[in-house]
Amino acid sequence: MTKKIVKSTSKTKEHKYIYSFGGGKAEGKAGMKNLLGGKGANLAEMVNIGLPVPAGFTITTEVCTAYYKNNKKYPKELTRQVESSLIKVEKNMGMEFGNKNNPLLVSVRSGARSSMPGMMDTVLNVGLNDITREGLIKKTKNPRFVYDSQRRLIQMYADVVMEKAAGIDPAEGKGVRQQLERELSALIKKKKVKSETELSAGDLKELIIIYKKKVKEVLGKPFPEDAKDQLWGAISAVFQSWNGKRAVSYRKIENIPDSWGTAVSVQSMVFGNMGDTSATGVAFTRNPATGENHFYGEWLSNAQGEDVVAGIRTPNPINEVGKSEYTKHLVSLEKAMPKVYKDLNNFQQKLEKHYHDMLDIEFTIQEGKLYMLQCRIGKRNGPAAVKMALDMYKEKRIKKEDVVIRVSPSQLDELLHPIIDPKAEKMAKVIGKGLPAGPGGGTGRVVFNSADATEWTKKGETVIFVREETNPEDINGMRAAEAILTGRGGMTSHAALVARGWGKCCIVGAGNINIDVHTKTIIGSDGSKIKEGDWITLNGSKGNVYKGQLPMIKTDEKNKDFNAFMKICDEVRILKIRTNADTPEDAIKARAFGAEGIGLFRTEHMFYGKNSEKPLFLLRKMIVSKTEKERRLALDELYPFVKEDIKATLDAMNGLPVTFRTLDPPLHEFVPKNPAECAKLAKSLKISENDFNARAEILHENNPMMGHRGVRLGITYPEITEMQVKAIFEATIELIKAKKKPFPEIMIPVTCIDTELKHQYKLIQKVYDEVCKKFKVKEIPHLIGTMIEIPRAALTADKIAEYAQFFSFGTNDLTQMTYGFSRDDIGAFLPEYLEKKILPIDPFQQIDRDSVGELMKIACEKGRSIRKNIEIGICGEHGGEPNSIEFCHLLAFDYVSCSPFRVPIARLAAAQAAVHFPKKNYCHKKINN
Ligand code: PEP
Ligand code: MG
């Protein structure tokens with residue numbers, strides 16, 4: 001009895017590594033992406049909602065993780081679980097794997113939890129060999145189809161399992177896949193036919209023999225005939241492809257953790273290559289390039305699996321509404337197979353209704369019967385993402401909160417993408433046309449391979465990456481390039497999917513130009529010749545290719561969809577968004593982008609750039625002054641310039657707060673190096689050049705970042721602070737008199753101890769009283785506060801809050817001082833730190849929640865313990881970075897402040913944070929996620 005119980009417990013305890021689906025039932029569901037990968041989870045979900053899906057099973061991502069942890073060995077239970085799951089599939093399909101009379105064939109596919117289009121491997125037709133093919137021929141009475149399937153298996157298997165997964169890295173053009181393709185082309189030529197679809201059964205049978213011989217010759221091993229060997233080889237190859245070059249590069253770019261692993265779905269094959277009543281296709285429930293609400297897709301008759309996305313044949317449009325100028329002559333599925341199309345259309349509607357989002361679906365039609373092979377949330381570009389979210393909101397399918405999370409910050413960025421100057425475009429000559437796969441314009445110099453695209457870009461060139469056909473191996477080049485152009489392939493090809501995901505300008509299937517990657521030339525439709533390094537320009541929204549470099553313009557923020565979307569973000573978010581602006585022009589720009597105030601006005605910036613000559617001269621005069629008297633004289637001269645700038649900025653931000661930071665940088669930064677300039681200054685100070693040089697020498701510092709800067713200047717030279725706050729108060733009064741609503745906030749930088757702030761606070765009060773008296777006013781609206789950018793200040797923020805009405809986190813310096821990394825010198829080591837994974841992120845880009853974030857949290861708590869409603873914001877660069885914005889939201893900040901162009905992104909990131917973490921006073925929950 002006892003024995004029995006123990007036995008059954010151990011049996012039930014066996015870890016489940018496989019989830020089956022088919023015959024109207026599935027063990028998994030859509031919510032199980034982490035375990036089953038996107039593909040496995042959605043296959044299960046489609047079965048659950050009653051769609052026709054061929055039976056199969058999914059091996060979990062846990063197996064992948066264990067496989068890599070365990071020196072590429074599988075958990076011991078896996079063999080048995082695969083065997084028993086295969087039996088279930090066999091029962092469901094009424095066929096047997098490896099059986100010589102009634103063979104079941106399967107596909108073996110990858111599927112990570114977030115989609116990585118084309119980055120991992122797939123093997124189709126597994127289980128086919130010289131024996132099973134005979135059974136299949138007898139059963140289908142279609143020898144041509146069977147031979148075609150077998151030659152495809154050999155081609156794919158040799159490439160994916162025997163070459164890539166074995167770690168063989170052949171030279172360009174020497175890979176087994178290309179060598180087999182060359183054999184196919186040779187046979188097509190020999191048989192005097194136009195394409196492979198015209199090869200006869202006998203031709204294909206001959207090709208199989210040629211292929212097998214070639215595989216042995218190239219890879220030194222025979223192609224495996226045993227069905228089970230094929231299956232395990234394919235499963236291992238898919239797991240291996242998780243760590244393949246393409247997948248690793250893609251993960252790095254997309255920030256997908258290596259630890260996630262891929263699942264493997266093994267599914268019974270259905271065939272799109274059984275003749276003219278069979279087909280395969282890829283579709284989107286809405287147009288992924290424009291967001292328009294119509295079913296959109298591509299199909300190929302008598303074709304299998306990857307043919308549509310591999311870009312080898314340019315596919316047909318799925319329906320009439322999706323036809324373009326370039327595809328209008330091709331027959332649609334709607335016309336060719338109206339009944340199947342009707343079913344497909346019903347399924348896509350059902351799916352969209354079920355998922356409440358645009359889906360990307362794959363299907364196969366086997367002798368007139370439709371099967372769904374995949375569905376996932378479809379990748380889309382920025383403009384399409386915004387349009388779909390707004391449309392679905394109008395259709396009452398989603399809520400405001402969903403609208404906000406449907407668009408990623410980088411997609412929003414695409415709406416602000418450059419386009420070709422329309423005037424120049426009108427005059428330009430089109431040298432090629434293709435499908436508009438990625439939005440906006442791109443201009444650059446032509447390169448023909450991935451390595452060149454990466455290298456040229458590193459050297460500072462902008463390049464257009466040109467290929468004959470799309471190839472996922474080129475991921476790095478695609479990323480580096482300004483834009484992508486291919487001669488073949490459709491809107492659902494890998495290049496199109498990937499480019500769209502990145503919002504990159506891309507044209508595919510430009511069939512009327514001739515691209516030759518070997519001679520590195522393009523012959524345009526007009527006969528013009530473009531060589532490597534020549535400039536071309538692409539319009540990725542129209543599909544036009546132009547010769548030469550056309551001028552680009554940035555799209556503006558007046559786009560209707562953009563504004564409607566931003567309005568929804570504003571309704572959802574809690575954080576306010578300010579901007580870092582140092583000039584009235586920047587302030588106006590930022591306001592147009594939706595800034596609700598200025599979070600950092602760096603006074604010193606009036607001494608750089610346009611119109612800075614005179615004030616800089618006077619500042620320098622002040623710096624090298626020796627006595628307070630001398631300094632005050634110089635400051636008096638400088639005063640009108642400072643006041644004018646402050647007043648113009650307050651005016652531009654009428655009604656909104658402006659945070660003016662008192663002078664921050666070390667003074668020696670402003671000492672002139674040019675002898676003529678030094679002589680001019682010496683003369684104006686009425687001192688000798690030698691005296692001048694001696695004064696300048698004294699200002700030199702060994703470690704200026706930690707030297708005589710920020711509040712330290714205001715303490716050693718109080719007259720500098722006095723002059724600045726006087727300018728702020730007087731400008732404010734003048735504006736109030738002109739019926740404006742200025743609201744200045746005076747911010748003291750680089751504070752490390754409360755006594756510094758106490759000192760400055762008193763000084764500011766003194767000036768305030770004087771100005772009130774002078775202008776006979778009772779009060780001038782303002783706040784006095786400080787930056788928190790030194791760890792000591794954060795740790796003693798309670799004491800500092802006695803004198804501060806607001807805190808603004810200077811996370812640039814706070815990161816510098818927390819890490820002890822010089823913010824100006826990290827270039828020497830940071831890239832390697834990231835490469836070697838010593839650091840997971842660049843802490844100057846994204847707040848490190850464990851260290852800098854912890855200091856911020858302490859400072860907030862301490863500050864609020866003394867002054868409950870102390871205003872808190874951030875003005876370091878992190879204020880425009882979405883993850884850091886979420887962190888500020890979690891700490892219940894009042895605002896984040898970022899550069900003008902980041903304002904829309906910050907509005908969105910703040911709204912997304914509010915959706916993910918809706919309650920106020922969430923401070924400590926989930927802060928370190
Ligand atoms: C900071 O340190 O984060 C900051 C905003 O100040 P600055 O970059 O001017 O030092
Ligand atoms: Mg700073």
Side-chain angles (χ1 to χ4, degrees), residues 577-583 586 590 595 597-609 649 657-670 701 703-714 720 724 745-753 756-757 760 785-794 797 800 804 806-826 842-848 851-853 855-856 859-860 871-881 884-885 887-888 891 893-900 902-903 906:
I577 311 297
R578 294 195 192 180
T579 191
N580 294 357
D582 311 316
T583 62
D586 273 2
I598 290 181
L600 174 60
F601 178 95
R602 290 178 167 103
T603 324
E604 55 273 18
H605 279 213
M606 68 178 285
F607 304 115
Y608 308 120
T649 307
V658 179
T659 311
F660 293 102
R661 180 174 74 181
T662 52
L663 206 60
D664 183 2
L667 293 184
H668 88 120
E669 268 189 23
F670 295 104
E701 290 181 314
N703 196 351
M705 270 291 184
M706 297 200 185
H708 196 179
R709 62 176 284 212
V711 65
R712 298 157 209 172
L713 292 171
I720 299 183
Q724 292 176 87
E745 300 186 357
I746 299 164
M747 180 159 78
I748 306 297
V750 204
T751 309
C752 71
I753 186 163
E756 287 173 323
L757 202 61
Q760 294 289 289
T786 184
M787 293 188 72
I788 302 285
E789 49 185 345
I790 292 183
R792 191 188 192 285
I800 288 179
F806 68 87
F807 287 165
S808 174
F809 285 93
T811 42
N812 304 332
D813 275 316
L814 192 58
T815 302
Q816 167 166 261
M817 298 200 211
T818 302
Y819 272 78
F821 288 171
S822 160
R823 55 193 268 196
D824 297 325
D825 303 302
I826 47 163
D842 173 355
F844 287 96
Q845 277 185 28
Q846 186 180 313
I847 289 171
D848 169 27
S851 62
V852 176
L855 285 167
M856 292 167 74
C860 288
E871 181 183 272
I872 298 183
I874 179 175
C875 62
E877 282 303 301
H878 304 84
E881 190 279 321
S884 310
I885 293 171
F887 184 69
C888 296
L891 286 178
F893 275 29
D894 294 282
Y895 67 86
V896 296
S897 187
C898 57
S899 70
R902 297 294 295 176
V903 168

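Counting convention: from 1, in listed order, for ligands and their atoms alike. Heavy-atom basis, side chains included; hydrogens, waters and symmetry copies ignored. Just so it is clear, the structure is predicted and the values come from calculations on it, not from any experiment.
Considering both main-chain and side-chain atoms, Glu604 never comes within under 3.5 Å of ligand 1 through any nitrogen or oxygen pair. Between Glu877 and ligand 1, a contact under 3.5 Å exists for no N or O pair.
Set against the non-hydrogen atoms of Cys875, the atoms of ligand 1 under 4.0 Å away are 5 (C). Contact atoms of ligand 1 toward Met787: 4 (C), 5 (C), 6 (O) (distance under 4.0 Å to a heavy atom of the residue). For ligand 1, the atoms sitting less than 4.0 Å from at least one non-hydrogen atom of Arg823 are 2 (O), 7 (P), 8 (O), 10 (O), numbered in the order shown with element in parentheses. Within the listing of ligand 1, atoms 1 (C), 2 (O), 3 (O), 10 (O) sit less than 4.0 angstrom from a heavy atom of Asp813. Every atom of ligand 1 is numbered from 1 in the order shown, and the set under 4.0 Å from a heavy atom of Gly810 is 1 (C), 2 (O), 3 (O).
Any protein N/O/S atom under 2.8 Å from the Mg ion (ligand 2) was counted, giving 2 altogether.
The single protein non-hydrogen atom nearest to atom 6 (O) of ligand 1 is Arg661 NH1, 2.9 Å, given as residue, atom name and distance.
A heavy-atom separation below 4.0 Å is found between Arg709 and ligand 1. Not a single heavy atom of Gln816 lies less than 4.0 angstrom from ligand 1.
Aromatic ring orientation, Tyr819 versus Phe821: tilted (interplanar angle from 30° to 60°). Classification of the Phe670-Phe607 ring pair by plane angle, with boundaries at 30° and 60°, yields perpendicular.
Remark: side-chain polar atoms of Thr579 are paired, donor with acceptor, to backbone N or O of Cys898 under 3.5 angstrom. Of the possible donor and acceptor atoms, none in the side chain of Glu881 sits under 3.5 Å from a partner among the backbone N and O of Gln846.
Under 4.0 Å from ligand 1, the heavy atoms of Leu600 that appear belong solely to its side chain. Using a 4.0 Å cut-off between heavy atoms, Thr811 contacts ligand 1 through its backbone alone, with no side-chain atom that close.
Closest approach of Ala906 and Val896 over heavy atoms only: CB-CG2, 4.5 Å. When every heavy atom of Cys875 is checked against every heavy atom of Met747, the shortest pair comes out as SG-CE, 4.2 Å.
A distance of 6.5 Å separates CD in Glu871 from OG1 in Thr659, rounded to the nearest 0.5 Å.
Neither side chain, Ser851 nor Thr818, offers a donor N or O lying under 3.5 Å from an acceptor on the other.
Using a 4.5 Å cut-off on side-chain heavy atoms (C-beta onward), Ile872 and Cys860 make contact.
Electrostatic pairing of Arg661 and Glu604 counts as a salt bridge here, judged by a charged N lying under 4.0 Å from a carboxylate O.
Tested against Ser884 for a side-chain contact (heavy atoms from CB on, under 4.5 Å), the candidates Gln845, His878, Met856 yield a single pass: His878.
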- request: Assess whether salt bridge (charged side-chain N to carboxylate O under 4.0 Å, His left out) is satisfied between Arg578 and Glu745, documenting all intermediate values.
  value: CA-CA 13 Å; Arg578 294 195 192 180; Glu745 300 186 357; 3.3 Å; yes
